[in-house]
There are 2 protein chains.
Amino acid sequence: MGSSQARRMPVMADVAREAGVSHQTVSRVLNEHPNVRSETRTRVLEAIDKLGYRRNLVARALVTKHSRTLGVVSFDTTLYGPASTVYGIEQAARAAGYFVSIVSLKSIDRTGVRDALDYLADQGVDGIVVVAPQRSAAQTLADLAPGVPIVAVEGGEAGDVSVVCVDQVEGGRLATEHLLSLGHETVWHVRGPSDWLEAEGRVAGWRAALAQAGRAAPEPLAGDWSPRSGYEAGRSLASMAGVSAVFVANDQMALGVLRAFSEQGVKVPDQVSVVGFDDIPESEFFSPPLTTIRQDFDAVGRNSIEVLLQQIEGEEQRACERLVVPPSFVARASTARV
Amino acid sequence: MGSSQARRMPVMADVAREAGVSHQTVSRVLNEHPNVRSETRTRVLEAIDKLGYRRNLVARALVTKHSRTLGVVSFDTTLYGPASTVYGIEQAARAAGYFVSIVSLKSIDRTGVRDALDYLADQGVDGIVVVAPQRSAAQTLADLAPGVPIVAVEGGEAGDVSVVCVDQVEGGRLATEHLLSLGHETVWHVRGPSDWLEAEGRVAGWRAALAQAGRAAPEPLAGDWSPRSGYEAGRSLASMAGVSAVFVANDQMALGVLRAFSEQGVKVPDQVSVVGFDDIPESEFFSPPLTTIRQDFDAVGRNSIEVLLQQIEGEEQRACERLVVPPSFVARASTARV
DNA sequence: GGACCCATTGTTAACGTTCACAGTCTTCCC
DNA sequence: GGGAAGACTGTGAACGTTAACAATGGGTCC
């Protein structure tokens with residue numbers, strides 16, 4: 001009778017009975033406790049195998065207070081940058097034996113970040129990575145010390161939380177110096193949205209490089225990372241006199257700029273040189289292939305997990321690290337000597 | 001003394017004591033049980049507020065057997081398609097009050113998918129969405145009925161699992177018919193990797209449209225979704241005589257094709273018309289702007305969650321649905337009358 | 001040969017919630 | 001006024017694991 005009924009999942013006690021030991025011994029085998037006779041161990045292992053037992057991680061989390069789950073809060077994971085970073089985070093976390101729970105925000109405002117953090121904290125995550133490159137998000141984070149360890153990616157000034165980021169200033173500098181070294185009088189800039197720290201950093205690097213070379217910095221054109229905004233900036237630039245070099249704050253906008261120039265009959269790189277930022281997979285096949293600054297998103301992801309795990313598993317109180325990943329210059333065909 | 005010690009998180013019993021009720025009453029308030037006197041309810045709510053109590057979801061999951069967490073298995077979330085789908089899934093899941101745990105596979109092989117599924121099942125997810133457009137993954141899924149409800153996205157033939165997908169065949173047909181309607185004698189095709197069901201579907205649609213028009217189908221060129229592979233296919237096509245229309249299986253490869261044509265002096269759309277697939281945000285700003293087939297990834301994500309939740313929460317045994325999202329044609333400037 | 005240590009195992013009690021059931025106190029009806 | 005049907009609340013036992021401690025047995029050391 002009742003054989004048709006789905007047999008319920010075996011629990012530790014079932015394994016114990018099958019192997020003729022106590023449930024605690026089963027637990028010890030599972031947790032690789034040293035003091036278990038090897039013969040006992042194999043007997044337990046066989047019982048586990050026979051019954052198809054799988055340990056209930058929820059029950060385990062209840063008593064250990066560790067869920068082995070990490071939370072990730074990110075902004076629009078459709079964009080290449082965030083997507084790649086989250087991907088790197090996920091890979092690194094899984095390699096370390098952690099699950100990853102994701103909250104992807106449509107827009108980043110104070111309450112949005114706060115809710116996401118609460119939401120994840122409720123779930124009992126052991127730590128949180130916040131991929132929140134906007135100033136508002138970064139500030140929220142500073143106030144908001146939840147019970148769990150936090151690492152910010154691109155999170156601005158290291159306040160109360162550890163930060164892992166790419167050196168945006170250096171990237172902006174690299175791009176600008178490259179253009180200056182080709183003999184351009186000055187370099188125009190299509191910047192990202194003012195709320196974004198990354199945008200700020202690139203502007204700062206651009207300004208610094210110009211200042212160092214004793215050149216005046218033209219007014220930067222505002223964009224929002226989208227190809228369309230780049231396109232519009234490109235139309236403006238095409239209509240202006242004396243523009244021979246442009247540093248665009250990301251590759252997508254650079255694509256828009258290239259498109260606008262092409263429409264207006266402005267030849268790249270013959271008349272104007274263009275440098276992008278990110279090195280998305282498409283950049284190499286733009287017309288012309290885009291010279292750009294590469295961000296190692298994978299390294300960012302890996303490092304953020306490393307810092308976070310150190311905070312979670314390490315015993316000593318951490319010193320709120322700030323880990324900076326260097327960008328690199330990628331030469332292609334969109335820039336030329338003046 | 002001991003005030004410096006971090007006060008431990010309050011639990012239900014603490015709230016109960018504070019409010020002068022039993023822990024069960026607190027539980028009832030939290031779970032919105034109807035039979036609680038409203039005065040009692042406010043007293044409990046005040047106690048919760050005062051103590052800053054937050055319900056322990058792990059303990060709750062242990063007894064209810066529901067974690068309110070959904071698992072997502074995906075292949076390379078760096079690609080636009082998977083990234084957008086996962087984004088849609090995450091949004092829909094959160095709206096429904098579920099957490100999302102992600103496993104992003106580097107490569108999809110049988111063991112990879114199996115491990116991911118086990119991994120998620122161990123964690124106690126209530127259901128799993130598998131974004132696995134490869135044939136091998138889809139087949140693995142069929143064998144592998146774990147204890148939890150599963151929905152496959154782009155999962156091929158609806159076998160034992162429900163499937164949500166975009167009508168790839170229809171997409172291929174739309175692209176091809178558009179080109180034929182412009183007066184092109186035949187349409188060449190740069191296809192995706194043969195292991196991918198999406199690639200197969202697009203090939204099938206392309207073939208069907210050609211057959212219906214009574215045209216011979218040239219041998220398709222093989223690509224791997226990357227711009228580079230499109231570039232190589234483009235070089236081949238540029239060197240061939242009689243190529244006037246090309247349907248490329250995704251926008252990234254189409255970019256490579258456009259690049260190759262541009263290098264070889266082949267004018268698009270004057271000499272050759274090109275149609276892509278996906279409608280990534282960049283496509284509108286390619287040179288020339290790319291005519292393409294749009295996939296509504298957001299709808300796919302939403303639908304997959306809907307189907308999954310129906311399986312989880314609905315009482316009646318589901319009939320292994322197959323939900324097809326139609327693609328749409330987006331006209332731009334990369335195609336022209338012959 | 002007795003004390004003691006260590007390896008191995010078992011027993012009992014948490015962890016913080018919900019479920020099942022048993023109360024108590026109204027209210028309402030005949 | 002007796003009873004029954006609700007509304008509301010409390011008590012005890014799960015859920016499946018790990019932690020703490022106790023117990024057993026064999027060996028070693030002097």
Side-chain angles (χ1 to χ4, degrees), chain A residues 6-45 47-48 51-69 97 99 121-126 147, chain B residues 6-45 47-48 51-69 97 99 121-126 147:
Chain A
R7 200 157 57 261
R8 85 178 203 300
M9 288 284 280
V11 298
M12 211 172 249
D14 299 322
V15 176
R17 198 174 317 111
E18 176 74 27
V21 296
S22 75
H23 64 130
Q24 180 60 287
T25 298
V26 177
S27 172
R28 276 191 270 255
V29 169
L30 253 24
N31 294 316
E32 287 167 346
H33 188 100
N35 293 346
V36 177
R37 200 152 36 117
S38 78
E39 189 221 289
T40 310
R41 184 193 318 280
T42 55
R43 198 141 40 90
V44 169
L45 256 19
I48 287 177
L51 267 43
Y53 167 78
R54 320 220 69 196
R55 155 234 223 96
N56 182 327
L57 293 184
V58 173
R60 171 173 227 242
L62 178 60
V63 48
T64 61
K65 315 269 195 200
H66 297 298
S67 59
R68 292 202 76 83
T69 297
F99 295 90
D122 271 7
Q123 200 198 16
V125 296
D126 295 342
Chain B
R7 199 156 60 260
R8 83 176 205 299
M9 288 285 279
V11 298
M12 210 172 251
D14 299 323
V15 175
R17 197 174 319 112
E18 176 74 27
V21 296
S22 76
H23 64 128
Q24 179 59 307
T25 298
V26 177
S27 173
R28 276 192 269 256
V29 170
L30 253 24
N31 294 317
E32 285 167 349
H33 188 100
N35 293 346
V36 177
R37 196 152 36 114
S38 79
E39 189 222 292
T40 310
R41 186 193 315 281
T42 55
R43 200 140 40 89
V44 169
L45 256 18
I48 287 177
L51 266 43
Y53 167 78
R54 319 222 69 195
R55 184 203 332 241
N56 181 329
L57 293 184
V58 173
R60 171 172 227 239
L62 177 60
V63 46
T64 61
K65 314 266 196 205
H66 297 299
S67 58
R68 293 201 76 81
T69 297
F99 294 90
D122 272 6
Q123 201 199 13
V125 296
D126 295 343

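In the text below, chain A, chain B and the rest are named by the order of the sequence lines, each starting its count at 1. Small disclaimer: the values here were computed from a predicted structure and weren't measured.
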Participant: Reading nucleotides 13-28 of chain D 5' to 3', which nucleotides get B (base under 4.0 Å from a protein heavy atom), which S (sugar-phosphate only), which -?
Facilitator: --BBBBBB--------
Participant: Say whether, by atom type as modelled, one donor and one acceptor occur between the side chain of A:Ser67 and the main chain of A:Gly124 under 3.5 angstrom.
Facilitator: yes
Participant: Is there a side-chain contact between B:Asn31 and B:Arg55 in this structure, where contact means two heavy atoms from C-beta onward sitting under 4.5 Å apart?
Facilitator: yes
Participant: Any side-chain N or O of B:Thr40 less than 4.0 Å from the OP1 or OP2 oxygen of D:dC8?
Facilitator: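 No, outside the criterion.
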Participant: In whole Å, what is the span from the CZ atom of B:Arg68 to the C1' atom of C:dT17?
Facilitator: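 So the CZ-C1' distance, B:Arg68 to C:dT17, works out to 16 Å.
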Participant: Using whole Å, report how far NE2 of B:His33 lies from P of C:dT18.
Facilitator: 13 Å
Participant: Quick one: does A:Arg41's side chain have a donor or acceptor within less than 3.5 Å of a partner on A:Val36's backbone?
Facilitator: yes
Participant: Indicate, with a heavy-atom threshold strictly under 4.0 Å, whether B:Val58 touches base, sugar-phosphate, or nothing.
Facilitator: nothing
Participant: Treating B:Arg28 as the side-chain partner and B:Asn35 as the backbone partner, does any N or O pair qualify as donor plus acceptor under 3.5 Å?
Facilitator: no
Participant: With sequence neighbours excluded, tell me which residues meet side chain to side chain contact (heavy atoms under 4.5 Å, CB included) with A:Ala19.
Facilitator: A:Val21, A:Arg43, A:Val44, A:Ala47
Participant: Keeping B:Thr64 on the side-chain end and B:Arg60 on the backbone end, is there a donor-acceptor pair under 3.5 Å?
Facilitator: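 The answer is yes, because a donor-acceptor pair under 3.5 Å joins these two groups.
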Participant: C:dG10, OP1 or OP2 - any side-chain N/O from A:Thr25 closer than 4.0 Å?
Facilitator: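 So the side chain of A:Thr25 is within the cut-off, an N or O lying under 4.0 Å from OP1 or OP2 of C:dG10.
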